[in-house]
Number of protein chains: 2
Amino acid sequence: MEQAASIKFTSTLSHPLFKEHESVWRDTINKAHIKVYSRNETVLHHGDKASALWLVLEGWVKITRQTPDGKENIVGLCTDGYVFGEASLFPNANYPYNAEVIGERAVLAAIPAETIRKLIDENSSVSASIMSLLYNRTSETRLKLEQMSTMSASQRLGCFLLRLCHSQAGDSRVLQIPVEKHLLATYLGMKPETLSRSQQQLKSLGISVSGNTITISSIEKLREFVCNSCSESGNCETEDT
Amino acid sequence: MEQAASIKFTSTLSHPLFKEHESVWRDTINKAHIKVYSRNETVLHHGDKASALWLVLEGWVKITRQTPDGKENIVGLCTDGYVFGEASLFPNANYPYNAEVIGERAVLAAIPAETIRKLIDENSSVSASIMSLLYNRTSETRLKLEQMSTMSASQRLGCFLLRLCHSQAGDSRVLQIPVEKHLLATYLGMKPETLSRSQQQLKSLGISVSGNTITISSIEKLREFVCNSCSESGNCETEDT
């Protein structure tokens, strides 16, 4: 892992957390430790003291947990603008998962726990934004759980793609997803062969996969296919794009 | 729905939210509106202005969402000491689900949104407790999602029972669950026939079901069966009992 003296903020502040009080957050992130990681490097371990809130500036990070009988569960796949390590908001808390870089490299900002907690103490509206972050995190997770029963595998893959289109900056509908197939399948709660079949099914909606590159020809068609089976329909962030 | 002038607080304050600042919360809940509902009465609708934070004092409430194509998803099954309606913490928010009473009757405390928001504004340590509530809610939901891949159906049923043993007051291991089989199955992400098979499997661990009554002869045996497949093992609230 190397330290980067400075970093260009491109789509960094796209996370909803930073929409309000943007100048406060920009100052905070400018003072954060910017770290550059290479493939497979561990960012943090389950059980480590939660010493920072992390923001992905570039690249991909997988968040995992392990069961005592040895199963690995992919809790999150984070890319540009994603936040993780919310345990750092609480004194004496530990990270409840592992984080490891996937893809070629990742650039992350680590906002020290003391900095973020001081910000919360001093600024009640920042505190409200953080509550909102935590509340939205629950809603997202609840929705993902719901989709395990209400959506088909290909609809779940479609929803994952729609969220990426929304969170990544620019109008481009060409996504780079350097995530190995078995990881993506585990994250989406399906077997690798089901993921392959789902990719095939999405072809008829104009979605093509070539290596790590996914091209989506019509967001509207994909939405029609996915969102009718989702209780968040009409109220979802992916519908703002 | 009838208004109750007063109510005896038995196991009411068992929720972790109330562990700190118990006197502040007791005052707040004493000033809350206590409402008595009968079977199938609707407490709130998805989309209603979130005007109160709800605490279950007695009985059972099911929390549901519906997809545009007509599937009902059981988001939560709440009983004594459970909190719902966290949307009320945020100005101009709407409830993201429906809540309806199941079982014979339910007694609920509705803490008005203004009261709870004033409490947060005036008392930064209450604000910290609320953040903790939201953070824990995400962790619980994330764990439930994980368990869909890492646990068998009978382990998921076992985990649900362990949580009930933990949250319900007293040493009794006789649980009353007035929840129809198809609801419980949907909540646990399985088919009703899988739930029946799971109940059969748990018999060998000394768990017997008779109507709405479930008797657990050995918590320790149940834990051995369930917790080895869970990444929260060693750190779970159900292990405190």
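Per chain, numbering begins at 1; letters A, B, ... match sequence-line order.
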Item to check | Contacting moiety of A/Ser132, where chain B heavy atoms sit under 4.5 Å | outcome: both

Checklist entry - In Å, rounded to the nearest 0.5 Å, how long is the span from CG of B/Asn73 to OG1 of A/Thr150? => result 6.0 Å

Checklist outcome for this item: Assert top hit (heavy-atom pairs under 4.5 Å, partner chain B, pool A/Arg137, A/Lys71, A/Glu146) equals A/Glu146

Checklist entry - In terms of heavy-atom pairs under 4.5 Å with chain B, which of A/Thr141, A/Leu145, A/Asn228, A/Asn235 leads? => result A/Asn228

Item to check | Interatomic spacing from NZ in A/Lys144 to CZ in B/Arg142 - rounded to 0.5 Å | outcome: 10.0 Å

Checklist entry - What pair of heavy atoms forms the shortest contact from A/Met131 to B/Leu134, and how long is it? => result O-CD1, 3.6 Å

Item to check | Side chain / backbone / both / neither for B/Ile120 at chain A, heavy atoms under 4.5 Å | outcome: side chain

Checklist entry - How far apart are the closest heavy atoms of B/Gln66 and A/Ser231, and which atoms are they? => result O-CB, 3.2 Å

Item to check | Heavy-atom pair with the smallest gap, counting every atom of B/Pro68 and A/Cys230 | outcome: CD-O, 3.0 Å

Checklist entry - Which bit of A/Leu133 comes within less than 4.5 Å of chain B, counting heavy atoms only: side chain, backbone, both or neither? => result neither

Next on the checklist: At a 4.5 Å cut-off on heavy atoms, which part of A/Glu72 comes close to chain B: side chain, backbone, both, or neither?
Outcome noted: neither

Checklist entry - Where does A/Leu143 contact chain B at under 4.5 Å (heavy atoms): side chain, backbone, both or neither? => result side chain

Item to check | Residue pair B/Thr138 / A/Thr138: nearest heavy atoms and the distance that separates them | outcome: OG1-OG1, 2.7 Å

Next on the checklist: How close do B/Ala87 and A/Tyr135 get, counting heavy atoms only, and between which atoms?
Outcome noted: CB-OH, 3.2 Å

Item to check | Which atoms of B/Glu140 approach chain A - backbone, side chain, both or neither, heavy atom under 4.5 Å | outcome: neither

Checklist outcome for this item: Pair count under 4.5 Å, heavy atoms only, with chain B: among A/Ser229, A/Gly189, A/Cys227, A/Ser149, highest is A/Ser229

Item to check | Residue part contacting chain A, namely of B/Ala128, when any heavy atom lies under 4.5 Å | outcome: backbone

